[in-house]
Amino acid sequence: MAYRIEVALKPHLKDSLGDKTVKRCREELNAPIEAIRTIKVYLLDFKDISKDCLNQAVFGPFSDPVTQVTSLDRPLAHDLPFAPDWVIEVGFRPGVTDNEGRIATEALALILDREPAPEEKVYTAVQYCIKGNLDHEQVERLARDLLSNDLIQRTAIFKASDLERIWASGDNPLYAVPRVSAESAINVETVNLNGLTDEELAELSRQRVLALNLNEMKTIREHINLERIITERKAVGLGPYVTDVELEALAQTWSEHCKHKIFNADITYVNKEEGTETIIHSLFDTYIRKGTREIRDRLGRDDWCMSVFKDNAGVIRFNEKYSVAFKVETHNSPSALDPYGGALTGIVGVNRDPFGTGMGSKLIFNTDVFCFGPPDFRGTLPPGLLHPKRIFEGVREGVEHGGNQSGIPTVNGSILFDERYLGKPLVFCGTGGIMPNRVCEHPGHEKKAMPGDAIVMCGGRIGKDGIHGATFSSEELHEGSPATAVQIGDPITQKKMTDFLLRARDLCLYNSITDNGAGGLSSSVGEMALEAGGFELHLDRAPLKYHGLQPWEILLSEAQERMTVAVPQDKLDRFMKLAKKMDVEATVLGKFTDTGKFHCFYEDRTVAYLDLDFVHDGVPTLELKAVWSRPRHTEPDLPEPESLGTELKAMLGRYNICSKEYVVRQYDHEVQGGSVVKPLTGAMNDGPSDAAVIRPDLDSYEGLVVSHGICPRYSDIDTYHMVSCVVDEAVRNAIAVGGSLDLMAGLDNFCWCDPVQSEKTPDGHYKLAQLVRANQALYDICTFYGVPCISGKDSMKNDATIGGIKISIPPTLLFSVISRMDDVRKAVTMDAKRPGDLVYVLGMTYPELGASEYFLSKGAVGNSVPRVRLKEARRQYEALSRAIGQGLVASCHDCSDGGLGVALAETAFSGSLGMHVDLDAIPQDGIERMDYLLFSETPSRFVITVKEEAKEGFEKIMKGTTFACVGKTTEEPRLKFETRGKTALDEPLDDLKQAWLSPLAW
Amino acid sequence: MSDKVKVIVTTGYGTNCEVEMAHACTMAGAEQVDIVHVSDLLDGSVSLLDYHFLNLPGGFLDGDNLGAAQAGAHRLRYARIKGTGQSLLEQIQKFVERGGLILGVCNGFQLMVKTGLLPRLEGSSEERTVSLTYNDSGRFEDRWVTCRANPDSPCVFTKGIDIIELPVRHGEGKFVTKDKTVSNALSENNLVCIRYVSPETGMPTQQYPYNPNGSEMAVAGVCDPTGRLMGLMPHPEAFSHGTNHPRWTRENLPEEGAGIRFFRNAVEYIRGNIL
């Protein structure tokens, strides 16, 4: 029988969690709730704890005597400041990561002064004690829609008046421990593919969630039937049929997620607009890799790219001492199912990418970009989909816990809203790391596992977490999507592991390192084996969270917080001792070889024996077709607005434009002490920065600029221009704070809807053409600006079919940028600085409102999509970088969503200064209406303020680019726009700012 | 010990501000600054007693699970230093008896409070008399606050500081006392060495967000009666350079960040009183 400890805040203290829950109940469920207090529950599934030890636990680590009251094996709900009507207890389901339970287990072990037995654990739960006149159904709804997630949690609901009876009963359900019970015997299945019809092969793939297509299934069958293979397999004790371990390993390695089959497909691209047809052998090689190659060739001896496209993250040279690794990943499907766990895993997962790049890097910043359905969505949601506000909150909190607890500042990000993200939210998480240029007398960005090196797994243990994650994310969501696809990250286990591994790195204790993410050991060991030439892995030696995992599950599990390391045998002892001392679990699972084989054992019997070549290069190339014809949208015929002021306020209050301070404040953006330009800036510390600047080395003034661009709306017209605008925006943002094109690198993250023509996707040809055009644009703009892509990722199946309705996301590219600054003291922020400064607009404004936020607000799309004029833009960026470098610019703000109107207003109110602008002075071409002038989204423009005395110098540097002085900042707190001598807009600064601050000020 | 000022900054189990805290100590003039993993203390390879000044940096010891620094405090109390039978907390107490200085920031402050290292009111050194609990806002928040040091406090670290702006970055920073006796004792002995104040009036405030968490008596930090032990929620090490300030592009600030003053005071105290 377990012991049960309950802990609550003393009655006189505010229960913030309870209060927050009341607020959400009222707002989101309209439930008549008076009050909620929360109780923390610890179930101690331990044998024989003495009374004395129990007391030490209750009044020691499990409670705070100053702030909390406790009970042992007695309900605490009666000791609250009010008598509750209902009690909802929310705990975890068996096998779900319970971080607090793990820490509690460790704390208890210290008191007992012994190692707990494997099944001895502490489990946690939360009790919500509710006062309010609710019926049972309402309480159930509350539990289901707000307090718990059925996939990972279990709930118990009862009337507070029944508490006594429940506790008095012999079988108190509150003592039920969510222990994982070992169900199945360990078994390696073999699968006979011979004689199966095409339908049967496809069905087998579906049934086993392999996500392999027919051609791929046939390729496996052919390979396994080769005479040489049969003989070799026989020699190690395997029969003629493929084992489930092998099949699963192949499915994982060949998944879209890992092999990027669409990006590497042979594509016949028909452009109906131009009447051309071309064959593209791999989009990735043709546009992305080639572009980077060309830029590096141009840089020649000054090439600062250190490692591109081959490791877990891209690496560029930062200075004589250090290089920087950067990677952005998505974690969309898991975040749709369990927003908190999905996003937490997303951030701690991407942390391991730069951490596992080269010989390993210290993590220095995070970035996050989220795309959600509208938070005020009122329509009916198909079953299986969570409300976008709940997804928003869960994702926000997951990233908060992941980023903050890992001690990595979240320096940059954005949040976008569109109804098409209802089916699948996009959760982009990025991380940068810094590594020494030399590690143990070798280049820090290189690594090589050697034959004979021990395979050591470090960090967390293996459970069924995230099994089929890689294959799952290569599929669309449906009602039966597996719950095991969800994982919950554990930032502290990871932090302990990274502390340890960085020390081991500097002691030269390993040869190679990589992370266990999608595909688990199969992927990490499989990839490192390419360095050495093969491996032998003993699956039964892996430490498990609980019994009952099949060998293939151990190989494929995506349990988090694990790195795989290649340790030379002569250093193994030191490595293992250091791990033990630093309280990090490390286990030797086998060794790397040069046999060319992917070789797994279970209890010394071979369970997988595959050619490494076949695993990595055997997947057949897809052949796909893309057909482009330009969509035609209705050109809107909008009446001219009566009041530009009203329109501007409405624009400032749009979810895509308004302040995201609510989220930004909850992310630590200055840990590590090198923050220079923070996400929020200006006179009241609440203006929206365009990009971040950090100082990764506190002994130097050199800085790193981090920014991004994203505008999926433009995909509705043409993904070519969507991508050029996205890259231009990322570059522009970096330039705005002081970055420069001299050293700027990018990451491309494609999130697409399924572009493969099929019954489910009848418009696949068009969607693939959108992808082709996106890549063409990426090549064109990156090579022109000299901004190489150094790494990237694609997520190609962002569709949800639920209840027969298919929701596809708009094709979305996130482009993230890092750039170097020589001296952070030259950085510029976006807020107007002093009254009397001159206001400039840089760049020409065209009537480009197609798919703009303004048209969207009027329910229109239009056709005049914003376009980048490459030559003009580059000339302007180069000039502006010089002006900023010479200290001539007081403030600089990027002009993007919502156009000049929004950029001018933000510049003014962030500096708590008014502004007087002559609209006729703004450089413009073909604009006939003031609302179009203010809200056009032509890229490559800035709003700048300059001190009167810097005017001459500034204008001299900008000569030859399009710019104009359009007005002045004023002491009087009003925004005033004039045209032809008449007032076009005159609004108090406060009103504009409130419109911008309030929509998401939850 | 030689005539060098020796500083130790601990790390491990979720601590994450050790690098900038060590950097601040170096900027303040300490000759030797070592970042030491708790496991190096526990296996006896490093001893606190070789140092003058112990820094307990911010972070998330054990992920704030069981409450901020709850599990960390428990570890200090129970885990034994190899070969001695002594707990780490006992070694810290010895370090204090020998005249050492301790500064705990954020999670380090929480740790000091939860181990009873603060406020060490007379006659209650082991017992926990104050605590830090969930912010009234119910949220973790990163924002800069205005603080004011108490000129009458015995605190070594805040000497000469009046108004100072620093960032807070926490979810559990609301200072509470066990009872009125404790709060009176803190006030009477001037152990409340730094408070949150309104940027307009410079007076202690309960108003959010100037008082970012709802702390009693607007407490941002406290010291022990000797003034050598101090903990605070705001991060002085995060303001080591002018460009750390959120409005540095608007205001003419000195190159050195104001937060360094805490560390310089400590180093100077050691030079004047210990070396």
Side-chain angles (χ1 to χ4, degrees), chain A residues 9 13-14 16-17 19-20 60-67 99-100 102-104 106-107 110-111 400-401 404-407 490-492 495-496 499 503 581-583 665-676 678 680-683 685 695 698-699 824-825 827-829 831 833 891 911, chain B residues 11-17 19-21 23-24 37 39-40 42-43 58-60 62-67 70-71 73-75 77-79 114 128-131 133-144 167 169 176-178 214 235 237-238 240-244 246-250:
Chain A
L9 283 164
L13 289 172
K14 182 179 157 78
S16 308
L17 175 61
D19 293 353
K20 212 158 57 169
F62 290 10
S63 75
D64 181 324
V66 177
T67 59
N99 288 324
E100 189 148 42
R102 185 180 56 73
I103 297 290
E106 288 173 13
L110 276 175
I111 294 174
E400 175 199 326
H401 289 174
N404 292 357
Q405 294 187 16
S406 304
D490 174 359
I492 294 308
K495 176 84 174 126
K496 280 161 68 181
D499 286 351
R503 189 148 159 187
K581 167 175 148 170
M582 293 179 77
D583 218 352
R665 285 255 173 262
Q666 297 186 68
Y667 293 160
D668 188 331
H669 44 257
E670 47 196 319
V671 60
Q672 301 193 9
S675 154
V676 175
K678 301 179 202 303
L680 298 169
T681 189
N685 309 326
R695 210 156 45 99
L698 296 179
D699 290 320
V824 296
R825 293 170 296 182
V828 169
T829 53
D831 47 310
K833 300 294 187 295
S891 78
Chain B
T11 185
Y13 294 92
T15 294
N16 59 36
C17 299
V19 173
E20 56 267 41
M21 202 139 174
H23 179 75
H37 196 274
S39 66
D40 292 316
L42 283 173
D43 82 347
F60 282 83
D62 306 283
D64 273 1
N65 288 305
L66 310 182
Q70 283 280 121
H74 181 66
R75 187 179 303 109
R77 192 169 279 131
Y78 279 81
K114 298 197 174 185
R128 200 183 295 183
T129 53
V130 304
S131 195
T133 187
Y134 303 98
N135 296 351
D136 277 351
S137 65
R139 293 176 192 164
F140 175 101
E141 282 193 336
D142 178 339
R143 63 167 74 246
W144 281 60
R169 312 191 307 250
V176 291
T177 52
K178 200 176 85 175
H235 288 263
E237 82 290 354
S240 67
H241 192 263
T243 56
N244 288 139
R247 294 185 306 281
W248 72 271
T249 59
R250 310 179 62 82

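Letters A, B, ... are given to chains in the order of the sequence lines, protein chains preceding strands, and every chain is numbered from 1. The figures here come from the full heavy-atom set of this structure, side chains too, leaving out hydrogens, waters and symmetry mates.
With contacts defined as side-chain heavy-atom distances shorter than 4.5 Å, the pair A:V671/B:C17 qualifies. At a threshold of 4.5 Å between non-hydrogen side-chain atoms, the residues A:N404 and B:F140 count as touching. A heavy-atom distance below 4.5 Å is found between the side chains of B:H74 and A:I111. Residues B:Y13 and A:M582 fail the side-chain proximity criterion, which asks for heavy atoms closer than 4.5 Å. Side chains of A:E670 and B:W144 form a contact here, defined as non-hydrogen atoms less than 4.5 Å apart. A heavy-atom distance below 4.5 Å is found between the side chains of A:D699 and B:H23.
The two atoms that bring B:G138 and A:S16 nearest to each other are CA-CB, 3.3 Å, heavy atoms only. Heavy atoms only, all atoms of each residue included: B:Q70 and A:G60 are closest at NE2-O, 3.5 Å. Between B:L66 and A:P61, the closest heavy-atom pair is CB-O, 3.6 Å. Taking each heavy atom of A:I103 and B:A71 in turn, the nearest pair found is CG2-CB, 3.6 Å.
Distance check, rounded to the nearest 0.5 Å: NZ of A:K14 to OG of B:S137 gives 8.5 Å. Rounding to the nearest 0.5 Å places CG of B:N65 at 6.0 Å from CG of A:N99. Atoms OG and CG, on B:S240 and A:L698 in that order, are 6.0 Å from each other to the nearest 0.5 Å. The structure places NE2 of A:H669 at 9.0 Å from CZ of B:R169, a figure rounded to the nearest 0.5 Å. Here B:Y134 contributes atom OH and A:L13 contributes atom CG; the two are 11.5 Å apart, rounded to the nearest 0.5 Å. Distance check, rounded to the nearest 0.5 Å: CG of A:D499 to CG of B:N16 gives 9.5 Å.
With no hydrogens or angles considered, a side-chain donor-acceptor pair links A:T829 and B:T249 at under 3.5 Å. A donor-acceptor contact closer than 3.5 angstrom links the side chains of B:R247 and A:N685. Donor-acceptor pairing under 3.5 Å is lacking for the side chains of B:N244 and A:S675.
With respect to chain A, the highest number of heavy-atom pairs below 4.5 Å among B:V19, B:D43, B:D136 belongs to B:D136.
Residues forming a side chain to side chain contact (heavy atoms under 4.5 Å, CB included) with A:V828 (at least two apart in sequence, or on another chain): A:I884, A:V889, A:C892. In this structure, the side chain to side chain contact (heavy atoms under 4.5 Å, CB included) partners of B:D40, at least two apart in sequence or on a different chain, are A:R503, A:K581, B:V36, B:H37, B:S45, B:V46.
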List the steps, then state whether side-chain contact (heavy atoms from CB on, under 4.5 Å) holds for A:V66 with B:V176. CA-CA 8 Å; A:V66 177; B:V176 291; 4.1 Å; yes
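If you measure heavy-atom distances from A:L17 to chain B, you find no contacts under 4.5 Å at all.
Between A:R665 and B:D142, no side-chain nitrogen of the basic residue sits less than 4.0 Å from a carboxylate oxygen of the acidic one, so the salt-bridge criterion is not met.
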